[in-house]
Undergrad: 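Structure provided below as structure tokens; questions to follow.
Please read all numbers here as calculations on a predicted model, not as lab measurements.
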Amino acid sequence: MVSAFEKLAQPVQKWVRSQAWHELRQIQAEAVHAISDSDADLIVSAPTAGGKTEAAFLPLISQVLDDPADIGGFDLLYVGPLKALITDQTMRLEELCRKAELPVYPWHGDIATSVKSRAVKKPKGLLLITPESLEAMFVRRGLEMQRLFGATRAVVIDELHTMLDSERGVQMRSLLTRLELAVKRPIRRVGLSATLGDMQMACAYLRPDNPDAVRLIEAKGEAELLLQLRGYVAGSDDENTPSATDAVATHLFENLRGSDNLVFAGARKWVEVYADRLRDFCEKAHLPQEFYPHHASLSREHRDFVEKRLKDGNLPTTAVCTSTLELGIDIGDVACVAQVGAPFSVAALRQRLGRSGRREGQPAILRQYVVETQLDSQSSFVDQLRLGLVRAVAMIELLLEGWCEPPRPEALHLSTLVHQVLSVIAERGGVHANGLYHVLCQDGPFRQVDTETFVSVLRALGRPDTGLIEQSSDGLLLLGAQGEKLVEHYSFYAVFKTPVEFRLVADGKELGTLPIDNLLTPGMLLIFSGRRWVVQEIHDLEKIILVKPAKAGVPPIFGGDPGTIHDRVVEKMFAMLETNIEPTYMDQTALSLLGEARRNFARLDFASTPVAQGDTGSHIVATRCGTVKTNTLALALGAMGFQVTQHDGFLRVDDSEAETPLTEVLHNFASGDTVDLFRHSPNLIFEKFHGHLTTPLLEQDALSGRVDLASLQTTCGALTS
DNA sequence: GACCTGCTGCGGTCTG
């Protein structure tokens, strides 16, 4: 049998030898065989730094060398979700490609026009691009796509899990379909990821027309995991005990100092709070600074500085971060991953943990910190049931079981559909409605959209007051004046929304940005970028805030979206509330908090009834399901006149103003009664192009993803049985 | 009750 190594082209073999690798890794050898022996699509699933990039490119480049294309065009395409990742991968692939005498072109917003024009002039070798830049190519060079990609044999999609059911993922899959239609043949798809929750679903996303033919290559063997969950109690009356924040920061300071670590603090505000506290500890101890904040509102310059310090590995560095450091560039090995507060998904926890313990024989270390509030007679049931702690435990239990959230497949994604309608018209200059339906909904990713809905979307875009599209006398769909304007602006290419922000400037240097709804006035104190400031001037027109250093500060307020918790996480939370098992990874405080939660859960009698008496004029409903179903019930009760607030697997229902008793309403829903969920006109505009749609379409879009009408009867059935 | 991601073409000025 021919070995994997022997199947590689000469220059590629030479490069492998120059790496002084002992041998090809298992996934690399398997990928070489899979790619050389068939045309099959492929998913390579292995931890970060597991050699996935090489697994894909060693055999793909070998094919290009052994069987060169007789026409021009890029030989291979790589799509990555981050600019930094493209820059990183370009450097990794450059030496290999130099040996193979193939050019490598990185292509994203920060790449010089000269590099791009060189690539377009003589397309060949590898093109590494973001979904947005590929979108721009379709819009700006629609008629050149055949010339540019006519020779392309494969597209490698990095961090595939970020490209599944997200708006951006739908966009990317639409672009891949459009690419295949432009070159009039299929192009092999290779997906790379460390965190796929459901392999069968991932295959269906990668190649919807033939998911069974997608080859799966998975790295076996998980790294050993060292795990601790520490509990803290905030709001203690004893003035001699430090605040919970100080206690967590002290533990981080004492245990992380001197090595490279990532601390995921959950929100930008908490990143600033902990980074400020840790900087203070360093200063008081006369130690050099080694704790730095890292989140999306900080200046690129500062973030580069922190990433470089982590990557270099010379000076000990701990980044206190949001999900900015969850995926992407290789920052080297970190000693430990800390998570402050419960995460929002097991998938995120798993991806974060993948940053630690990657060196052979090194265990991964996860330190989970949870802060709960001291209980008193006024405490809400959320505190009494310690829902933050219980969620953190549930997430860890599911992580240990090897589970993580699968993608949700059935959403319509009408905002992104609007975007793709405009983009295809721009690409081709004009298109007939049935052709458009074919590209996007039959061949493309919008398969949940039926012809009726599609026509409604086109009608909405063609309304005279919107003016996005119009129809010529021969039926061809064209861009209207507003559509032209939208598509011509560079802000069109991304399908996700971005908020308006102020720039924060100190001494002529930009520190970062703050959301515009921050009510700042001169003289106010601020913690930002890990330091303390006082606001000097605010320039509304230029959207600039000038600050200077100060001795004190308060953490800034950033906006945020409500998170979505999966049903299975909530089920596990209830399971943890209903058992007496004491996980060995929890410290004494965490265990006593969990005990408290269990006693209160029993006292509220949730074991025998799903509806408990809350504070005055209210009830607590244990829905036992995740955000989507719980939200659906909340909307339904809201439509019946109840005031409802939602928590993980619970609703607090104020029934003082309702006409029908709560239990009766739940019974009616259980027996199939329905209600107009949108009776009180809730906000339905969540995504970038939602504003162009009609209310019925927005309701339909919501019902396909954010709300699950069918669950209402089953949820209430379980509540009343 | 949260986080993240991305961006063209052109006209202007400056430098070697």
Undergrad: Take atom NZ of A/Lys269 and atom P of B/dA2, then tell me their distance rounded to the nearest Å.
TA: 9 Å
Undergrad: For A/Ile557 and B/dC3, give me the distance from atom CD1 to atom P, rounded to whole Å.
TA: 12 Å
Undergrad: Roughly, in whole Å, what's the span from CD1 in A/Ile86 to C1' in B/dT5?
TA: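 Taking atom C1' of B/dT5 as the reference, CD1 of A/Ile86 is at 11 Å.
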Undergrad: Report the distance from atom CG of A/Asp648 to atom C1' of B/dA2, rounded to the nearest whole Å.
TA: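 My rounded result for the distance is 13 Å.
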Undergrad: Can you measure A/Phe264 atom CZ to B/dC4 atom P for me and round it to whole angstrom units?
TA: 11 Å
Undergrad: Can you tell me if A/Lys629 has over 12 outside heavy atoms packed within less than 6.0 Å of its NZ?
TA: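 No, because the 6.0 Å sphere around NZ of A/Lys629 holds 12 heavy atoms or fewer from other groups.
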Undergrad: Tell me, with the steps shown, if A/Thr324 and A/His294 meet side chain to side chain donor-acceptor pair (under 3.5 Å).
TA: CA-CA 7 Å; A/Thr324 39; A/His294 192 286; 2.9 Å; yes
Undergrad: All N/O contacts under 3.5 Å from nucleotides 6-12 of chain B to the protein, with atom names and distances to one decimal?
TA:
from	atom 1	to	atom 2	distance (Å)
B/dG6	OP1	A/Lys83	N	2.5
B/dG6	O3'	A/Thr130	OG1	3.3
B/dC7	OP1	A/Gly109	N	2.9
B/dC7	OP1	A/Thr130	OG1	2.8
B/dC7	OP1	A/Ser133	OG	2.7
B/dC7	OP2	A/Gly109	N	3.1
B/dC7	O2	A/Tyr490	O	2.3
B/dC7	O2	A/Ser491	N	3.2
B/dT8	OP1	A/Ser133	OG	3.4
B/dT8	OP2	A/Lys116	NZ	3.3

Undergrad: What I'd like to find out is whether the side chain of A/Ser174 reaches to under 4.5 Å of the side chain of A/Leu440, using heavy atoms alone.
TA: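 Heavy-atom side-chain distance check passes, below 4.5 Å.
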Undergrad: Without decimals, in angstroms, what is the distance between A/Ile129 CD1 and B/dT5 C1'?
TA: 15 Å
Undergrad: Does NZ or CZ of A/Arg706 come closer than 6.0 Å to the centre of the six-membered ring of A/Phe686, within 45° of the ring's axis?
TA: yes
Undergrad: From NZ of A/Lys497 over to P of B/dC4, roughly how many Å is that when rounded to an integer?
TA: 16 Å
Undergrad: Hey, does A/Gly563 reach any base, or is it just sugar-phosphate, or nothing, if we go heavy atoms under 4.0 Å?
TA: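 Base: the residue A/Gly563, judged by heavy atoms under 4.0 Å, touches a nucleobase.
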Undergrad: Starting at CG of A/Leu349 and ending at P of B/dC3, how long is that distance when rounded to a whole Å?
TA: 17 Å
Undergrad: Would you say the side chains of A/Gln420 and A/Glu135 form a donor-acceptor pair under 3.5 Å?
TA: yes
Undergrad: Would you say that A/Leu389 contacts A/Leu229 through its side chain, given a criterion of any heavy-atom pair below 4.5 Å between the two side chains?
TA: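 When only atoms from C-beta onward are counted, A/Leu229 and A/Leu389 do touch, with a gap below 4.5 Å.
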